[in-house]
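Reviewing the structure listed below.
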Amino acid sequence: MASFVRLVKKPVLVAPSDPTPSTVLSLSSLDSQLFLRFPIEYLLVYASPHDVDRVVTAARVKAALARSLVPYYPLAGRVRARSDGTGLDMLCRAQGAGFLEAVSDYTASNFQRAPRSVTEWRKLLLVEVFKVVPPLVVQLTWLSDGCVALGIGLSHCAIDGIGSSEFLNLFAELATGRADLRDFKPKPVWDRHLLDSAGRTNLGTHPEFSRVPDLSRFVTLFAQERLSPTSITFDKTWLKELKNLAMSTSQQGEFPYTSFEVLSGHIWRSWARSLNLPAKQILKLLFSINIRNRVQPSLPAGYYGNAFVLGIAKTSVKDLTEKGLGYCADLVRRAKERVGDEYVREVVESVSWPRRASPDSVGVLIISQWSRLGLDRVDFGLGRPAHVGPICCDRYCLFLPVRDRTDAVKVMVAVPTCVVDRYEHLIRSPYS
């Protein structure tokens with residue numbers, strides 16, 4: 001039986017608690033790219049004490065939201081397209097962030113498994129109640145067992161994963177009194193001009209933006225087939241086993257692999273094998289690479305705009321499936337090593353107007369690493385979250401933190417229902 005989520009109060013817009021600048025701020029070329037015009041949507045579930053005062057807690061969270069919007073005042077604005085079509089701006093008039101309060105018959109135990117469908121948890125962040133969706137929406141939902149779910153939606157054009165974690169940790173610390181707006185760090189920095197086009201014309205080749213032939217009806221498969229969410233946790237022992245396997249099957253592995261390299265390679269390879277695609281189909285693995293310290297000079301501490309580019313590993317189905325985990329991990333490692341200042345500047349030019357390069361979807365698996373963002377530390381006075389994940393589990397693969405297990409990673413991704421059993425079997429059988 002489907003669970004219900006019901007609003008208990010009228011949705012409101014929360015303005016900054018103090019006066020903030022009334023201005024128009026330019027978003028960077030990276031912020032404005034077509035690929036990022038969607039929200040980051042987090043779901044944090046807290047196993048709160050049963051005697052928590054709902055009225056006091058909701059008021060505390062709402063007040064902290066208003067205070068956090070003083071230093072992060074652009075999140076109380078509205079994203080708009082420039083009239084000349086060259087990019088996006090943030091109109092800052094203290095319009096406010098969205099705040100909702102709801103009740104549900106979900107319990108905390110419902111989030112220990114994968115959702116039954118891609119959109120099962122959609123109502124835990126009801127952004128559609130706003131005629132114009134703000135860049136920031138927060139929904140506090142009281143669960144039937146006394147626990148709490150916090151849904152947070154952030155415009156990806158305005159903020160990236162690292163920036164969103166810095167914001168959420170400040171927001172939470174203001175709710176508990178652990179932070180003071182006079183001396184918290186890092187202070188948010190706008191400075192989006194640092195990642196704007198410089199008008200360069202001599203650009204290198206960037207295969208993340210190239211098109212490959214669809215030999216397998218790949219797009220049709222993911223568009224027409226129902227997707228089934230999966231959730232699998234890799235502990236320290238399992239990750240060590242994957243590292244050993246990668247070293248034993250690599251032709252170039254001179255140094256130990258990272259957990260990200262072997263886990264990405266294993267997920268990619270298992271995903272590809274489960275889909276049973278033609279041997280000549282070209283596949284791409286895309287994943288975000290933080291560039292804050294890869295550009296020259298480094299971006300300032302507190303920069304919360306989009307400061308990542310897409311690393312790309314690319315190969316054929318035949319090589320991916322036949323050459324073993326070491327080959328896959330090597331591709332991921334080399335993709336990371338390619339990214340430096342020159343690479344980043346070329347990507348900025350590629351995605352800027354009028355080129356507007358954007359990744360293709362044919363043969364693509366995208367991985368986003370939420371496990372290292374610090375989302376598991378976001379404590380609103382309810383303890384650390386028992387669950388950190390997305391509102392909707394889709395074809396984007398997410399690496400998530402596991403509570404009290406810093407050396408473990410939960411992997412969530414939705415795959416076509418017709419291959420879900422094979423995918424989960426291959427994930428658990430790395431030697432097959």
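All values reported here derive from a predicted model rather than from experimental measurement.
Below 30°, between 30° and 60°, or above 60°: for Trp190 and Tyr304 the angle between ring planes is above 60°, a perpendicular geometry. Using bins of under 30°, 30° to 60° and over 60° for the plane-to-plane angle, the ring pair Tyr396/Phe38 lands in the parallel bin.
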Check against side chain to side chain donor-acceptor pair (under 3.5 Å), Asp196 and Ser28:
CA-CA 5 Å; Asp196 266 343; Ser28 75; 5.1 Å; no
Report task. For the pair Tyr343 and His206, evaluate ring pair (Phe, Tyr, Trp, His ring centres under 6.0 Å) and give the outcome as yes or no after the intermediate values. Result -> CA-CA 9 Å; Tyr343 186 100; His206 286 268; 4.6 Å; yes
Verdict with reasoning, Glu346 to Thr205, per side chain to side chain contact (heavy atoms under 4.5 Å, CB included):
CA-CA 9 Å; Glu346 291 178 354; Thr205 301; over 6 Å; no
Notebook entry, point to check: Between Leu136 and Leu69, is a side chain to side chain contact (heavy atoms under 4.5 Å, CB included) present by the stated rule, with each step listed?
Noted result: CA-CA 10 Å; Leu136 170 61; Leu69 289 173; 3.9 Å; yes
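Using modelled atom types and a 3.5 Å distance limit, the side chains of Ser288 and Ser368 yield no donor-acceptor pair.
For Arg334, there are no salt bridge (charged side-chain N to carboxylate O under 4.0 Å, His left out) partners two or more places apart in sequence or in a different chain. Take Glu424 and apply the salt bridge (charged side-chain N to carboxylate O under 4.0 Å, His left out) test, not counting sequence neighbours, and it matches no residue. Considering only residues two or more places apart in sequence or on other chains, Arg428 meets the salt bridge (charged side-chain N to carboxylate O under 4.0 Å, His left out) condition with none of them. Residues passing the ring pair (Phe, Tyr, Trp, His ring centres under 6.0 Å) test with Trp370, sequence neighbours excluded: Tyr42. Residues passing the ring pair (Phe, Tyr, Trp, His ring centres under 6.0 Å) test with Phe35, sequence neighbours excluded: none. Qualifying salt bridge (charged side-chain N to carboxylate O under 4.0 Å, His left out) partners for Glu337, counting only residues two or more places apart in sequence or in other chains: none.
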Side-chain donor-acceptor pairs of residues 375-385 under 3.5 Å, sequence neighbours excluded:
| from | atom 1 | to | atom 2 | distance (Å) |
| --- | --- | --- | --- | --- |
| Asp379 | OD1 | Gly381 | N | 2.8 |
| Asp379 | OD1 | Leu382 | N | 3.1 |
| Asp379 | OD1 | Gly383 | N | 2.9 |

With a 3.5 Å cut-off and sequence neighbours excluded, list the donor-acceptor pairs that the side chains of residues 358-367 form with protein atoms.
none

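Two residues are said to be in side-chain contact when any heavy atoms from C-beta on lie closer than 4.5 Å; Tyr303 and Ile162 fail this criterion. Put simply, the side chain of Lys284 reaches to within 4.5 Å of the side chain of Ser210, judged on heavy atoms.
Checked against the 6.0 Å centroid criterion, the rings of Phe287 and Phe260 qualify as a close aromatic pair. In this structure, Trp271 has its ring center at least 6.0 angstrom away from the ring center of His266.
For Asp31 and Arg192, the salt-bridge test passes: some basic side-chain N is under 4.0 Å from an acidic carboxylate O. Of the charged side-chain nitrogens involved, none lies within less than 4.0 Å of a carboxylate oxygen, so that Asp180 and Arg67 do not count as a salt-bridged pair.
Screening residues 347-357 for side chain to side chain donor-acceptor pair (under 3.5 Å), with sequence neighbours left out, gives Ser29-Ser352, Ser197-Glu349. Note on residues 124-141: pairs passing side chain to side chain donor-acceptor pair (under 3.5 Å), not counting sequence neighbours, are Gln139-Thr141. The side chain to side chain donor-acceptor pair (under 3.5 Å) contacts involving residues 230-243 comprise Lys243-Ser259, where partners must be two or more places apart or lie in separate chains. Within the structure, the salt bridge (charged side-chain N to carboxylate O under 4.0 Å, His left out) test picks out the following pairs touching residues 303-321 (sequence neighbours left out): Lys318-Glu322, Asp319-Lys323.
Phe222 carries Arg395 over the face of its six-membered ring, with the cationic atom under 6.0 Å from the centre and within 45° of the normal. The cationic group of Arg93 does not satisfy the cation-pi geometry with Tyr73, failing either the under 6.0 Å distance to the six-membered ring centre or the 45° limit from the ring axis.
Not a single donor-acceptor pair under 3.5 Å links the side chain of Arg269 to the backbone N or O of Leu426.
Under the ring pair (Phe, Tyr, Trp, His ring centres under 6.0 Å) rule, His387 has a single partner from Tyr106, Trp121, Tyr46, which is Trp121.
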